[in-house]
Amino acid sequence: MIYTNISINFIEEIIQEDINKGFPKKKLRFRFPPEPNGYLHIGHAKSICLNFGLAKKYKAFVNLRFDDTNPTKEENIYVNAIKNDIQWLGFIWDKECYASDCFEKLYKWAFQFIKEGKAYIDEQPQDIILKQRKTPFEPGIDSPYRTRPVRESLVLFKKMKDGKFEEGEGVLRAKINMKSANMNLRDPIMFRILKVIHQKTKNKWDVYPIYDWAHGQSDFIEKISHSLCSLEFENHRPLYEWYLKNIKKKERSKQIEFARLNISDTIMSKRKLYIVIKDGFVEDWDDPRLSSLRGLRRKGYTPESIRDFCHRIGISKRDNVINLKLLESSIREQLNKIAIRVMVVLNPLKLVIENYPEDKIEWFPAENNQESQKSGKRKIPLSKKLYIEREDFLEKATKTFHRLSIGKEVRLKNAYIIKGTGFLKESTGNIIEISAVYDTKSQSGSESSRRKIKCTLHWVDAIQTLDIETRQYELLFSLEVPDAKKYFLRFFNHHSLKIVHGYGEPFLRKVRPGEFFQFQRIGYFCVDQKSSSIIFNRTVILRQSHL
RNA sequence: AGACUCGUGGUGUAAUGGUUAGCACAUCAGGUUUUGAUCCUGAGAGAUAAGGUUCGAUCCCUUCCGGGUCUACCA
């Protein structure tokens, strides 16, 4: 999809302004900085589309930067998964970077800070440091180590790096302002000791930089012009700028914050995703009920639809909750154009055409997709016995029910017009078979088939059936914004996955994983890519009011 | 309580110091249709409040009100 809208979001406005003031276009560079401790979800997609979209528009580049400053939480397996997801979304990054690429430089700069009296080693335990920091509503108090000689800090920092300290025995702190109203400026920690193996630098380091100390400097080293992040980092911007200013380089990246994506009826918080996955509420990261990119992909969402969605939601600084229906509308719009229309009956009820010859089989042509001529046609068999949906029959029609009932006519899609004549009922009241007669002159395509019939039914021949397994996914929570609630699990829907078997037309015998279909009058389905057998995952139901 | 920040229909998001505030999704109604889908048409629905600046304010300023973030050796 190509977007040619005139209006630009506030971030692009800032960029445009920078350009107007003389910032060279070719120095524009963006970055997407995931932490390799989980899979990407649609919230990340918003950021990815923003950064890569901007880059595309201005012919600039995006670095993919793994924010690997915390080896206790990060794992290498996520790196490839993240790269794979970004590629799937359709974007190509310029440089693949790691925050750990900058460790050496960060260490040196830290030394420089100490020498200039802008940082010191604090040897107090964590809880004391926290207490001294106080709360946002009262000033903090200085650490007794704040005024220790530069020389001492220098020696200590070296020792920390050389492994002479245990975890928690010391940290490097920036000397800023313990009385600042911004907690981030109350002598934030720059380096802490972590005696673990880093997934990339292995055992080279015993000290690891904190996010704030690593991020802006990585931006600087990579020459990122505009560093876009979510709103919760607004309070970090003064620190971001303080660090950069004190490194004393002229060109600095600019941090701009925007509101992260929230979607109704789903969870996006990493913590919550971990819980439902680890505790077995869902299968894995690629469970189609999740809003992870892998989950959405498996459910049948296309990269185009996700990009389209990210474009539709816009960029601003307001907290927002986007209705899930907007996402669904994006995928419907695309699937409507590309999905092959087929007939599948999911809740079968047998129908016998009384006046149809016993051994006759006819094959009718059916369009694969009337939205696109080039998708071609296929043939569908019909014999005396077939299946229709149980919901498509009512003994006696009501005012709003114009499907099959006794004495009423409906059309069998691509075949004949039939009229209901009777039905067989069990003693329990359960209808087990319907009988009908067909209008022999009403074959689809013929002149006499053009009569106006109120309803067209999908159906599947009873002899030539193919067993179909579908997975239908419902909302995971009975709560509009589960992400906003701490006790979201109380609202977990334990029946969110329904395995439904049905009958499909023979055409479906040779489907391939990942192919998209529209089961007519039911919904869009996609062939599961993980399962060894053929399983149709329901992507989204059709927009409908009565069925 | 403090700092920072946000406030446009139900939900998102635009434009604008000046005739009827646009678009999308959602909702409702009608039309087309061999999918109650798609497609087409239409309708309802919006600036928290009070001051000020101005000939004129949704837009600029002040105050109020309401929401969010911040008290990690996470990111």
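Convention: sequence-line order gives letters A, B, ...; per-chain numbering from 1.
When each of rA75(B), rU38(B), rU13(B) is scored by its nearest atom to the side-chain atoms of N336(A), the top-ranked nucleotide is rU38(B). Taking the side chain of A181(A) as heavy atoms from C-beta on, and the options rG68(B), rG2(B), rU34(B), the nearest nucleotide is rG2(B). Checking rA72(B), rU35(B), rA75(B) against every side-chain atom of I210(A), the shortest atom distance belongs to rA75(B).
For rU34(B), the base has a donor-acceptor partner in the side chain of S444(A) [N/O atoms by modelled type, under 3.5 angstrom]. At a cut-off of 3.5 angstrom, counting only N and O atoms as typed in the model, there is no donor on one side facing an acceptor on the other between the side-chain of R318(A) and the base of rG67(B).
Between the side chains of S291(A) and T266(A), at least one donor N or O sits under 3.5 Å from an acceptor N or O.
Separation of atoms OG1 (T539(A)) and CZ (R332(A)) is listed at 10.5 Å; rounding is to 0.5 Å.
In the region residues 133-144 of chain A, proximity to RNA chain B at under 4.0 angstrom, judged on heavy atoms, holds for R133(A), K134(A), T135(A), P136(A), F137(A). Only at 4.0 angstrom or more do the heavy atoms of residues 212-222 of chain A sit from any atom of RNA chain B, so none qualifies. Within residues 30-43 of chain A, the residues that have a heavy atom under 4.0 Å from RNA chain B are, in order of number, E35(A).
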### Task
For RNA chain B, just give me the dot-bracket, please: Watson-Crick or G-U, both distances below 3.5 Å, ( ) intra-strand, [ ] crossing earlier pairs, | paired with another strand, . unpaired.
.((((((..((((....[...)))).(((((.......))))).....((((..]....)))).)))))).....
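A pairwise comparison of heavy atoms in K485(A) and L479(A) identifies CG-CD2, 3.7 Å as the closest pair.
Residue-level contact check: K413(A) touches the bases, meaning some heavy atom is under 4.0 Å from a base atom.
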### Message
Can you build the contact string for nucleotides 25-31 of chain B? Use B for base contact, S for sugar-phosphate-only contact, and - for no protein heavy atom under 4.0 Å.
### Response
SS-----
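Under 4.0 Å is where a charged nitrogen must lie from a carboxylate oxygen, and between R65(A) and E222(A) at least one such pair does.
Each salt bridge (Lys or Arg N to Asp or Glu O under 4.0 Å) pair with one or both residues in residues 309-322 of chain A, not counting sequence neighbours, appears once here: E234(A)-K317(A), E257(A)-K317(A), D308(A)-R312(A), R312(A)-E333(A).
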